[in-house]
There are 2 protein chains.
Amino acid sequence: MNLKELARELGLSKTTISRALNGFPEVNEETRVRVEQAARKFGYAPNTSARRLATGRVGAAGIVLPGHLSDRYSAQTVEYVSGLAEGLAAAKIDLLMSPLLNGDEMAIYRRWISSKSVDAVILTDPVHSDPRIRLFVEKKFPFVLHGSTDVDLPYAWLDIDNEDAYRQATSYLLDLGHKEIAIIEGLAGFTFTEDRQRGYVETLTGRGLEPRSDFIVHDRFTTEAGFRATSRLLSMSPRPTALIVGSMMSTVGVYQAIRSNGWEVGREVSVIAHDDVFPYLSATDMVPVLTTTRSSVRLAGLKIAEMLVSILDGKDAPSLSVKWPVELIVRQSTAPPRT
Amino acid sequence: MNLKELARELGLSKTTISRALNGFPEVNEETRVRVEQAARKFGYAPNTSARRLATGRVGAAGIVLPGHLSDRYSAQTVEYVSGLAEGLAAAKIDLLMSPLLNGDEMAIYRRWISSKSVDAVILTDPVHSDPRIRLFVEKKFPFVLHGSTDVDLPYAWLDIDNEDAYRQATSYLLDLGHKEIAIIEGLAGFTFTEDRQRGYVETLTGRGLEPRSDFIVHDRFTTEAGFRATSRLLSMSPRPTALIVGSMMSTVGVYQAIRSNGWEVGREVSVIAHDDVFPYLSATDMVPVLTTTRSSVRLAGLKIAEMLVSILDGKDAPSLSVKWPVELIVRQSTAPPRT
DNA sequence: CCGAAATTTCAAACCGGTATGAATCTTTCC
DNA sequence: GGAAAGATTCATACCGGTTTGAAATTTCGG
């Protein structure tokens with residue numbers, strides 16, 4: 001059932017039907033009711049492609065799924081994406097995903113732009129002077145960045161205060177008396193990794209301590225990497241008495257490694273992790289319950305969706321940018337170092 | 001830059017350009033080269049909406065993201081979805097996701113069908129006599145089901161042999177000498193849950209043992225649920241000496257609970273888990289390394305994408321259906337019960 | 001009761017591609 | 001040399017909506 005058929009059925013013109021269903025004011029109330037009933041009766045819904053072509057609005061936002069390589073988000077992607085999808089759905093915007101098959105991320109974006117496949121895109125995991133930003137700014141194509149960069153162009157972004165999170169975590173451990181603190185962080189190159197590292201390093205130097213480069217680990221956020229890094233760190237001497245871990249997934253491996261060393265978390269080794277808040281892996285189910293810096297990645301997705309909708313509504317993009325604070329939640333995986 | 005402009009630029013008709021770019025045989029090779037060069041030079045890509053409208057093919061498959069409630073897949077969804085997306089991308093098909101906001105999943109499908117928003121859909125997590133199947137079969141709308149049902153209609157599905165997986169796991173534990181075996185499974189109602197439970201129950205009764213209903217736990221696949229269930233089970237008397245756990249996420253909680261009880265996995269309590277194979281949470285990083293029934297959910301997604309493409313190419317859907325075997329991989333979390 | 005204004009409806013153009021059948025240009029062959 | 005066959009190209013009709021500007025109808029004031 002298409003518009004023309006429905007029009008014939010009702011003895012009205014396509015125009016009137018279209019307006020009736022789209023809530024235009026210039027249509028008789030009685031007619032509108034009649035049209036709506038008929039539409040429901042015949043199960044009519046406007047053809048998406050046709051409407052898109054006519055309006056020039058696609059009603060979809062695109063996101064490129066990080067491939068196997070950069071799996072920073074693999075564990076948290078669901079949460080993030082479903083936050084995004086939820087926020088976009090509220091504005092009747094679909095979420096189109098494209099996997100990164102052979103590494104040509106820029107090519108995907110270029111195609112999306114020139115073929116008008118999406119109205120806007122969402123970028124994640126920026127690196128320093130991320131080339132994607134320039135592309136979209138130059139093409140004047142709407143987008144929001146999850147994270148932040150040092151690119152000197154006007155655009156919209158949302159980031160959490162990674163630097164401050166690590167400053168808080170490091171300070172807290174120092175206050176407990178720890179001197180040997182290691183961090184198990186994400187892959188080098190990403191700004192979030194560097195922001196966190198800066199928070200850690202500057203807090204140490206601010207207290208007159210010299211950061212040790214072998215106490216800084218960069219790896220993927222997997223249980224395996226967490227396990228491996230921890231095993232290695234604990235075999236050093238002097239060994240770290242406290243660890244700051246960049247993700248909950250790594251932390252599962254960290255806990256296992258500490259235990260397999262015959263030690264106990266919160267006694268021989270203190271642990272603070274950054275928690276993106278997953279429904280399926282909670283800091284309070286760890287034994288002992290885990291001290292975290294917490295920030296919900298789902299809420300970030302939701303907020304980014306709202307920002308995108310604002311931008312599509314014509315709001316000024318750069319002025320929407322925000323940096324969210326992160327809170328340190330002290331639980332039982334942290335304690336003064338044992339002497 | 002659109003087709004008409006490019007045509008004027010080249011002094012050719014729209015038809016010729018369209019055919020040149022789409023690889024039709026009746027266009028002069030020299031012309032084709034010229035067109036392709038111009039298209040590249042001007043960055044021309046056909047407008048997606050227009051092409052969709054003209055061809056009647058959308059080039060997108062839809063999937064409804066399970067909401068907060070049914071989070072069976074939350075941890076594995078990324079893997080599954082990126083497998084899907086990868087398989088579909090190979091056939092230039094986009095993946096459109098819609099979150100389940102207020103529970104009207106059927107309404108989303110109905111709208112997709114009548115508005116031709118997608119060419120096909122992917123269904124997951126079926127329940128008994130799942131109403132979605134009938135909808136799509138009746139509307140003759142292409143789809144593939146991940147899982148299986150007892151609906152007596154012809155359609156395409158892919159499932160893993162859950163029943164056999166649990167039969168293998170149960171048998172193995174019985175062979176080791178365990179008599180008190182509990183299972184920590186997914187939410188009741190889903191066929192995968194019931195298939196697994198059947199494999200477990202029938203194996204027990206086949207060996208002359210009476211299944212205990214209080215040794216069968218149904219809950220969400222989260223560390224929290226795993227932790228809670230295990231704590232409760234271990235406080236019973238007689239307590240189970242072995243656990244079969246439905247997901248890796250739950251298993252993280254299970255391990256924690258066993259440890260917080262002062263016990264050791266693979267000594268006081270044996271554990272077998274079903275592993276969907278996540279890059280970020282591996283059975284071999286658990287301490288002790290975890291015995292599993294293994295089946296990659298990413299590969300399942302990939303295969304389902306291929307099935308969908310075949311169906312869109314006109315292949316007979318029902319004949320594509322497959323049930324994948326599951327292999328038991330014995331590691332160190334299982335041992336004879338201690339007497 | 002008539003003309004003007006307001007309300008409601010309509011025919012046709014348009015969005016930007018693809019597909020059809022005809023038109024034009026080449027080549028082949030008797 | 002000219003007709004037939006083959007190779008290219010083209011004008012035009014779609015696809016199914018939205019939008020514009022005009023037409024038809026109703027309402028209202030004097």
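Letters A, B, ... mirror the listed sequences (proteins, then strands); counts begin at 1. No experiment lies behind these values; they were computed from the predicted model shown.
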Exercise. Establish, yes or no, whether a centroid distance under 6.0 Å links the rings of A:H146 and A:Y80.
Key: yes
Quiz item: Do B:F278 and B:Y280 have their ring centres less than 6.0 Å from each other?
Solution: yes
Practice problem: Among A:W112, A:Y109, A:F136, find the residue that satisfies the ring pair (Phe, Tyr, Trp, His ring centres under 6.0 Å) test when tested with A:F143. | Solution: A:F136
Quiz item: Is there a side-chain contact between A:R52 and A:K116 (heavy atoms, below 4.5 Å)?
Solution: no
Quiz item: Quick one: does B:E26's side chain get under 4.5 Å of B:R19's, heavy atoms only?
Solution: yes
Self-check item: Phosphate-side-chain proximity, B:T31 and D:dT9, N/O vs OP1/OP2 below 4.0 Å
Solution: yes
Quiz item: Given C:dC10, is OP1 or OP2 found less than 4.0 Å from the side-chain N or O atoms of A:S13?
Solution: yes
Exercise. Please tell me which of B:L12 and B:K116 maps to the more 5' nucleotide of DNA chain D, matching each residue to the nucleotide holding its nearest heavy atom.
Key: B:L12
Quiz prompt | Summary of protein contacts for nucleotides 18-26 of chain D, nucleotide by nucleotide, where a base hit scores B, a sugar-phosphate-only hit scores S (4.0 Å, heavy atoms) | solution = BBBB-----
Exercise. Measure the distance from CZ on A:R52 to C1' on C:dG17 and round it to the nearest whole Å.
Key: 15 Å
Practice problem: Provide, to the nearest angstrom, the distance between the CG atom belonging to A:N47 and the C1' atom belonging to D:dC15. | Solution: 8 Å
Exercise. Under the salt bridge (Lys or Arg N to Asp or Glu O under 4.0 Å) rule, collect the residues that match up with A:D130, sequence neighbours excluded.
Key: A:R132
